[in-house]
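Report on one structure; see the data block that follows.
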Amino acid sequence: MYDRIGWSAQPQVRVLPTPNGAFRAIRHLGSNAKGTVIASSLADNNRWDALLVNRAGEGRLEIRSGGRTHKNWQHRELIAFIPSGMDTQFEFNANTQALQFYLPPGTLQGASEAHRGTELPPILGERNRRVAWLMGLVEHELRAPSFGTSLLVDGLIGAIAQTLVSTFAGAAPGPEDRITLTRAKLDRVIDYIEAHIAEPIALNDLAGVAGLSTYHFARVFKASTGDTPYQFLRRRRIALATRLLAEGMVPLAEVARSCGFANQAHFTAAFTRETGLSPGRYRRLARSG
């Protein structure tokens with residue numbers, strides 16, 4: 001992505017790790033320059049859909065894309081969506097900071113299954129508080145992974161898609177149908193979670209086991225269990241972690257891997273947030289009790 005963009009001044013960026021590499025998340029931290037910066041990309045180089053939200057900076061923002069030009073004053077809730085395959089140029093102040101998601105073409109339209117077939121047009125600098133907030137939640141989860149990061153991020157991307165399409169494509173959701181999650185399908189989903197609890201689990205994995213679309217699956221799963229898929233997986237992984245720690249035989253690094261974490265540090269931070277105790281302290285208290 002960034003290596004295909006022409007910059008008038010070198011940007012400072014931080015790449016955020018994403019589950020399964022399903023998309024790319026980049027924090028633009030400003031540029032090594034003063035005044036105005038120009039970033040441009042040709043249509044042939046734009047192979048990803050880009051979703052951006054301004055996080056800091058002042059001055060005017062000018063976006064040229066698809067033969068259109070839009071000018072606006074920068075503020076924290078200004079968003080832009082640039083579909084793949086479009087000539088694009090951004091002109092902004094060098095102190096601008098932004099959160100940027102790069103997604104495979106059509107990801108947002110596909111995630112918005114209530115609006116299937118509705119095309120999402122370019123969004124050249126519009127204020128949307130909800131999308132800005134949801135993108136911030138994704139960033140927070142990527143920086144501090146929890147016990148169900150893949151499912152949580154999938155759900156947030158779906159919520160972003162619903163908001164974008166319903167707001168900017170002028171589409172209204174269709175009527176709710178009578179799709180339900182049978183006991184047999186629910187059991188298959190739970191069995192899948194237990195069998196793959198140490199692996200990254202995405203929403204479309206669970207929906208595929210149930211034979212439903214991701215949109216319908218998320219809705220009927222919560223109706224059946226009272227939990228979102230993320231909440232359910234999170235509870236199961238926390239229960240597994242506390243059991244393994246209480247048994248006292250498994251090294252902490254192995255407990256982390258068993259609960260779906262890539263490293264012990266992320267597991268320790270997430271476990272401490274959930275329980276108020278570090279894994280080591282939890283183990284010592286469990287063994288002493």
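For clarity, every value in this text was computed on a predicted model and none was experimentally measured. Just the heavy atoms: all of them, side chains too, but no hydrogens, waters or symmetry mates, feed the values below. FYI, the numbering just counts along the sequence from 1.
Of the possible polar contacts, none joining the Thr167 side chain to the Leu164 backbone as a donor-acceptor pair under 3.5 Å is found. Side-chain atoms of Gln231 come within 3.5 Å of backbone N or O of Thr228 as a donor-acceptor pair. Panel note: side chain Arg24, backbone Tyr102; no donor-acceptor pair is recorded below 3.5 Å. At least one donor-acceptor pair under 3.5 Å links the side chain of Glu141 to the backbone N or O of Ser146. Between the side chain of Asp49 and the main chain of Pro83, no donor-acceptor pair closer than 3.5 Å is present. Between the side chain of Arg237 and the main chain of Phe147, a donor-acceptor pair closer than 3.5 Å is present. Between the side chain of Asn54 and the main chain of Glu77, no donor-acceptor pair closer than 3.5 Å is present. The backbone N or O of Met86 sits less than 3.5 Å from a side-chain atom of Thr88, completing a donor-acceptor pair. No side-chain donor-acceptor contact under 3.5 Å links Asn32 to the backbone of Gln12.
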Mind running side-chain contact (heavy atoms from CB on, under 4.5 Å) on Leu124 and Ser65 for me, showing each step along the way? CA-CA 8 Å; Leu124 305 184; Ser65 186; 3.9 Å; yes
Evaluate Arg55 against Gln97 for side chain to side chain donor-acceptor pair (under 3.5 Å), listing each step before the verdict. CA-CA 5 Å; Arg55 282 296 184 229; Gln97 297 186 24; over 6 Å; no
I'd like to know whether Glu62 forms a side-chain contact (heavy atoms from CB on, under 4.5 Å) with Thr69, so could you lay out the CA-CA distance, the side-chain angles of the two residues, the decisive distance to 0.1 Å, and finally the verdict. CA-CA 7 Å; Glu62 184 170 325; Thr69 299; 3.8 Å; yes
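Leu29 is not listed as a side-chain neighbour of Val13, based on a closest heavy-atom distance of 4.5 Å or more. Looking at heavy atoms from C-beta onward, Leu78 lies out of side-chain contact with Asn128 at the 4.5 angstrom threshold. In this structure the side chain of Asp205 never reaches within 4.5 angstrom of the side chain of Val209, judged on heavy atoms. No side-chain heavy atom of Ser40 sits less than 4.5 Å from a side-chain heavy atom of Ile5. For the pair His75/Arg127, a side-chain contact is recorded, criterion being any heavy-atom separation below 4.5 Å from C-beta on. Residues Ser258 and Glu254 are in side-chain contact: their nearest non-hydrogen atoms beyond the backbone lie under 4.5 Å apart.
Take Ala9 and apply the side chain to side chain contact (heavy atoms under 4.5 Å, CB included) test, not counting sequence neighbours, and it matches Ser31, Ala33, Val37. Phe217 is linked by a ring pair (Phe, Tyr, Trp, His ring centres under 6.0 Å) to Phe221, counting only residues two or more places apart in sequence or in another chain. Under the ring pair (Phe, Tyr, Trp, His ring centres under 6.0 Å) criterion, His140 pairs with no residue, sequence neighbours left out. Under the ring pair (Phe, Tyr, Trp, His ring centres under 6.0 Å) criterion, Phe23 pairs with Phe101, sequence neighbours left out. Applying the side chain to side chain contact (heavy atoms under 4.5 Å, CB included) criterion to Pro200, with sequence neighbours excluded, gives Asn20, Ser150.
For CZ of Arg281, the number of neighbouring non-hydrogen atoms (other residues, nucleotides, ligands) closer than 6.0 Å is 12 at most. By the neighbour-count criterion of 12 heavy atoms within 6.0 Å, atom CZ of Arg243 is densely surrounded, having more than that number from other residues, nucleotides or ligands.
Put simply, Leu252 and Ile197 are part of the same group of oily side chains (I, L, V, M, F, W, Y) that touch within less than 4.5 Å, one to the next.
Here OG1 of Thr96 is found 9.0 Å from CD of Glu58. Values are rounded to the nearest 0.5 Å. The CG atom of Leu137 lies 11.0 Å from the CG atom of Leu142; values are rounded to the nearest 0.5 Å. Distance check, rounded to the nearest 0.5 Å: CD1 of Ile193 to CD of Glu199 gives 12.5 Å. Going from atom OG of Ser84 over to atom CD1 of Ile82 covers 11.0 Å, rounded to the nearest 0.5 Å.
Between Lys222 and Asp227 there is no salt bridge, since no side-chain nitrogen of the basic residue lies less than 4.0 Å from a carboxylate oxygen of the acidic one.
The shortest heavy-atom contact between Arg130 and Ala159 is NH2-CB, 4.1 Å.
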Compile the donor-acceptor pairs under 3.5 Å between side chains in residues 268-277 and protein atoms, sequence neighbours left out, one pair per line.
| unit_1 | atom_1 | unit_2 | atom_2 | d |
| --- | --- | --- | --- | --- |
| Thr268 | OG1 | Gln264 | O | 3.0 |
| Thr272 | OG1 | Thr268 | O | 2.7 |
| Arg273 | NH2 | Ala144 | O | 3.3 |
| Arg273 | NH2 | Pro145 | O | 3.1 |
| Glu274 | OE1 | Arg234 | NE | 3.4 |
| Glu274 | OE1 | Arg234 | NH2 | 2.9 |
| Glu274 | OE2 | Arg234 | NE | 2.9 |
| Thr275 | OG1 | Phe271 | O | 2.9 |
| Thr275 | OG1 | Leu277 | N | 3.1 |
| Thr275 | OG1 | Leu277 | O | 3.0 |

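Using bins of under 30°, 30° to 60° and over 60° for the plane-to-plane angle, the ring pair Phe92/His28 lands in the perpendicular bin.
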